[in-house]
Amino acid sequence: MERIYFDHSATTRVDPRVVDAMLPYFTEEYGNASSNHTHGQTAKEALESARQIVADSLNTSSKAIIFTGSGTESDNTAIKGVAEKHGKKGKHIVTSVFEHPAIANTVKYLSHNGFEVDQVPITSEGVVDLEKLKELVRDDTILVTIMTANNEIGTVQPLKDIGEIAHDKGALFHTDAVQAYGKIPIDVDKMNVDLLSLSAHKFHGPKGVGALFVKEGVTISPLLHGGGHEYGLRSSTENVPGAVGLGKAAEIAHADMDEETERLTSLRNKIIDEVTANVKESYLNGSREHRLPNNANIGFRWIEGESILLLLNHVGISISTGSACSSKSLRPSETLLALGLKPEEVHGSVRITLGRFNTAEEVDYFIEKLPPIIEKLRMMSPLAQ
Ligand code: PLP
C-alpha cells in the first residue's frame, strides 16, 4: 500500500489536470502579460481568464481579484494595506484568538507600530463569540479580521454576522479563507466580506500563488511598489503559470464541490465516530456541525499527539498535531487552549485532514491501525496509570 496522506490542511497534491493546464505557460506561452505583442497578450488572456474563474467562484467581478505570492502575502496585503490607508481614520483592529500566524503576527507587528488590537474569544465549540465581538468593535475600529475556517479544528465562522457587526461601526471586514476556499461555498456579497485571502496549494493547486479579493470601492495601500501590476496593488511580473494553476484548481474544486463535500463528510464522520467509539477517553475538538468537511481534530487523554504522529508515520500514515507551522514548537496550540482545553489535553490532540485523492480503504486502514497505537502509548504513559 502507498503511504497515506491525511494532512491536507498543511498542503495538497497538485491535481494532474492543474499541472496540464499550467505546463504550456512555462514553455510555449512564456510571454510577459504586460507586453503588447502576441506573446504577451496570450499570457494576459490566460491570466484574465484565471482571474474571472476566481471572481465567479466568489460571486464578484474580476476587477476585485488580485493574484499574490501566497496566502500569507494576501493576509499581509489586506491588513497592512487597510492600516496604512485608513490609519488616519482610526487605529483600532479587531481579530480573533485563533488566527493563523499570517494574521496573528501581522496584527502584532501593527500593535508595535501605533495600532491597538483586540482579540475576540471563541466558544467551546470553536466559533467566535458574536456578543463579545459586538462589545469590542468601536467607532474607531478600521478593520475586523477573522478567519473563515480554522486551520487546526476546521470550525467555520459566521461570516455574514461578523461582517454586519463590522459594518455597523463603519469598519472593513477581512477574512482569511485559506482553509475554507474551495471546500465550502463563499459569496462575498451575501457574507458581507470586503477583503478575502486564499491560497492555491490548499485546494490541489500549486504552492507560492494566492489571491486577494478587494471589494470594488474599498481602497488599500500596496505592500509592493513597482510597475503597478494587479491594479496597482501588487507590482511584480505576473506569475502566469501559477495564476493559471490557481484558476484551474478553483474551477475543479467548485465544479465538484457538492459531491466532494458529501464524500469527505462521510469519510470524516466515519473517522470521528469509529475512533471516539473504539478508543476510550478520546473526543472531538470543536463543533461537529460548523466544520469543514475534511477536518477531524481528535484529543486522546494522557498521551502526546507527537508520539501518535510518529507511530502512525511508521505504519505509513501522515497526520499532524496542529498547524504545520507550529508543529516544531513545543508551545501548546493557542487554538486548542482557546477552546478551553487544559495544556495536557492540547498536547494529546491530532489533526486528520482529508483530500481529493483519499479513499474509503485508506480511512479503514487508519481506523484499524490507530487504536493499538493509542493503547501502546498509554501503556507507556505514567499519566494513564
Ligand atoms: N492562513 C491560513 C488559515 C493557513 O492555514 C495558512 C497555511 O497554513 C496560511 C494562511 C498561509 O498560506 P500560505 O502557505 O499560502 O502562505
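The figures that follow rest on heavy atoms only: side chains count, while hydrogens, waters and symmetry mates do not. Just so you know, ligand 1 is whichever comes first in the structure, and atom 1 is the first atom listed for that ligand. Since the model is a prediction, treat every value here as computed from it, not as a measurement.
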(message) Looking only at the side chains, is there a donor atom on one of Thr60 and Lys215 sitting less than 3.5 Å from an acceptor on the other?
(response)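 Side chains of Thr60 and Lys215: no pair found under 3.5 Å.
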(message) If only side-chain N and O atoms count, and only distance matters, is there a donor-acceptor pair under 3.5 Å linking Asn313 with Arg3?
(response)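 Asn313 and Arg3 do have a side-chain donor-acceptor pair below 3.5 Å.
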(request) Could you pull out, from Glu99, His100, Met147, the option with a heavy atom nearest to atom 2 (C) of ligand 1? (result)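 Ranked by closest heavy atom to atom 2 (C) of ligand 1, first place is His100.
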(request) Determine, considering heavy atoms only, which of Leu198, Asp176, Asp75 sits nearest to atom 1 (N) of ligand 1. (result)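 Shortest heavy-atom distance from atom 1 (N) of ligand 1: Asp176.
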(message) Check this for me: does any side-chain nitrogen of one of Glu125 and Arg288 sit under 4.0 Å from a carboxylate oxygen of the other?
(response)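 Result for this pair is no, no salt bridge flagged.
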(request) Output yes when Glu135 and Lys132 qualify as a salt bridge under the 4.0 Å nitrogen-oxygen rule, no when they do not. (result)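 Not counted as a salt bridge, because no side-chain N and carboxylate O are separated by less than 4.0 Å.
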(request) Give a yes or no on whether Asp168 atom CG has more than 12 heavy-atom contacts from other residues, nucleotides or ligands under 6.0 Å away. (result)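 Counting other residues, nucleotides and ligands, CG of Asp168 exceeds 12 neighbours.
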Does [X], backbone or side chain, put an N or O under 3.5 Å from an N or O of ligand 1?
X      : result
Thr72  : yes
Gly71  : yes
Asn151 : no

(message) Just to be sure I read this right, does ligand 1 sit under 4.0 Å from the backbone of Glu73, its side chain, both, or neither, counting only heavy atoms?
(response)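 For Glu73, there is no contact with ligand 1 at all, from either part.
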(message) Below 4.0 Å, non-hydrogen atoms only: which portion of Ser199 touches ligand 1? Side chain, backbone, both or neither.
(response)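 Side chain only; the backbone of Ser199 stays clear of ligand 1.
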(message) Under a 3.5 Å distance rule, please check whether Asn358 uses its side chain to pair with a backbone N or O of Leu354 as donor and acceptor.
(response)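 No: the side chain of Asn358 does not pair with the backbone of Leu354.
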(message) Is Lys207 close enough to touch ligand 1? Criterion: a residue heavy atom under 4.0 Å from a ligand atom.
(response)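 Flag not set, Lys207 not near ligand 1.
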(request) Using the six-membered ring wherever Trp is involved, compare the ring planes of His204 and Phe357 and label them parallel, tilted or perpendicular (cut-offs 30° and 60°). (result)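 Geometry flag for Phe357 against His204: perpendicular rings.
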(message) Suppose I only count heavy atoms of Gln179 and a 4.0 Å limit; which atoms of ligand 1 are within that range?
(response)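 Numbered from 1, ligand 1 contributes 3 (C), 4 (C), 5 (O).
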(request) Could you list which atoms of ligand 1 come closer than 4.0 Å to a heavy atom of Ser70? (result)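 Taking each heavy atom of Ser70 in turn, ligand 1 has 15 (O), 16 (O) under 4.0 Å.
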